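Structure first, then comments.
Note that the coordinates shown come from a computational prediction; the quantities given were computed from them, not determined experimentally.
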Amino acid sequence: MERDERDALAEARGLARGLRRLGAAMPPAGLLPNVLAGVDLADCYWRLDSPLGPVYVAYNARGVAAVSRAADAAAFEADFRARFGRPAYPVAAPPAALARAVVARLNGEQRADLEFDLRGLSEFERAVLLKALDIPRGQVRPYAWVAREIGRPGAVRAVGTALGHNPIPLLIPCHRVVRSDGRPGDYAFGGEAKRAVLAAEGVAPEDLEALASAGVRYYGSDTTHIYCF
């Protein structure tokens, strides 16, 4: 055997002995979830405090995919897989930029740099949800407004259905869309949750109910001649 070959063989044997001494090396806990999320095979998620209490936020390379309330992490994972057909894995903390954008959006910043994964939704459903993003914090719009804005004025009922199936409530603020008579209406997390989050944003649900009962649809100013729903 030539000298170079003997040296190479000795080096390889030394490397093998070194690897055996390492034992069973374990990758970092977050490596697998983040790799799978990066290639669209899974999502990562974390638990976040919100105006409605703890929620679970799932994300992947395309953006935020889901916001959901669940009894615990296991229940969230089961619900997520049933709805989206892929697993979700917990992470100790999301990417810092994503976490900041989520908090900013919850605080009402319209321009928070946040992407959403809306695959699986129809073009109509995506249009409805993206239009809801235009409604400022502390304001509401009727279902008919959304229908008109997306060029489907006759699809008021379908707008309500699309909002009810919103996979990313709170961050896509379907709670800011109300019935055409002004009453808050239904919500993905339930009617009481809708009233709670509207109140947290400065809208008084009891005032909406009272105005609806009185048949009042608009407020106006005699001086500025500006009116609003």
- Point-to-point distance, once rounded to the nearest 0.5 Å, from CZ of Phe84 to CG of Asp79: 10.0 Å
- Query: Minimum heavy-atom separation for Ala188 to Gly164, with atom names?
  - Reply: CB-O, 3.9 Å
- Query: Quick one: side-chain hydrogen bond (donor to acceptor under 3.5 Å, both in side chains) partners of Thr161, sequence neighbours excluded?
  - Reply: none
- Anything under 30° is parallel, anything over 60° is perpendicular, the rest tilted; go ahead and classify Tyr187 against His175. perpendicular
- Message: I need the minimum non-hydrogen distance between Ser50 and Gly53, along with the two atoms involved.
- Response: OG-O, 2.7 Å
- From CD1 (Ile135) to CD (Glu149), nearest 0.5 Å: 9.5 Å
- Message: For Glu125 versus Ala162, what's the shortest heavy-atom pair and its separation?
- Response: CG-CB, 4.0 Å
- Item | Tyr45 OH to Asn60 CG distance, which is reported to the nearest 0.5 Å | 15.0 Å
- Message: Quick check against the 3.5 Å criterion: does Lys194 have a side-chain atom that pairs as donor or acceptor with the backbone of Phe189?
- Response: no
- In short, Ala101 meets Asp113 closest at the heavy-atom pair CB-O, 3.3 Å
- Message: Holding to salt bridge (Lys or Arg N to Asp or Glu O under 4.0 Å), I want the full list of residues that pass it with Arg69, two or more places apart in sequence or in another chain.
- Response: none
- Step by step, work out the salt bridge (charged side-chain N to carboxylate O under 4.0 Å, His left out) result for Asp117 and Arg86. CA-CA 13 Å; Asp117 179 5; Arg86 58 185 188 272; 3.4 Å; yes
- Measure the CG-CD1 distance between Leu130 and Ile150 for me, rounded to the nearest 0.5 Å. 10.0 Å
- Item | Flag, side chain of Arg126 to backbone of Leu121, donor-acceptor distance under 3.5 Å | yes
- Apply the test salt bridge (charged side-chain N to carboxylate O under 4.0 Å, His left out) to residues Glu201 and Arg176: give CA-CA distance (whole Å), side-chain angles for both, the deciding distance (0.1 Å), then the verdict. CA-CA 10 Å; Glu201 294 185 349; Arg176 297 175 190 162; 3.0 Å; yes
- Task: Hey, could you give me the SG/CG distance between Cys44 and Leu98, rounded to the nearest 0.5 Å?
- Result: 10.0 Å
- Item | Where Leu133 and Arg105 come nearest, the two heavy atoms and their spacing | CD2-NH1, 3.2 Å
- Query: About how many Å separate NZ of Lys131 and CG of Leu163, when rounded to the nearest 0.5 Å?
  - Reply: 12.5 Å
- Message: Using modelled atom types and a 3.5 Å cut-off, is there a donor and acceptor pairing between side-chain atoms of Arg152 and backbone atoms of Arg148?
- Response: no
- Task: Applying side chain to side chain contact (heavy atoms under 4.5 Å, CB included) between Ile168 and each of Leu129, Leu118, Val57, report the one that passes.
- Result: Leu118
- Query: Taking only residues two or more places apart in sequence or in another chain, which ones pass side-chain hydrogen bond (donor to acceptor under 3.5 Å, both in side chains) with Gln139?
  - Reply: Arg141
- Verify the cluster assignment for Tyr56 and Val91: are they in a single hydrophobic cluster under the rule of side-chain heavy atoms below 4.5 Å apart? no
- Item | Steps toward side-chain hydrogen bond (donor to acceptor under 3.5 Å, both in side chains) verdict (Glu115, Tyr59) | CA-CA 10 Å; Glu115 299 293 331; Tyr59 67 93; over 6 Å; no
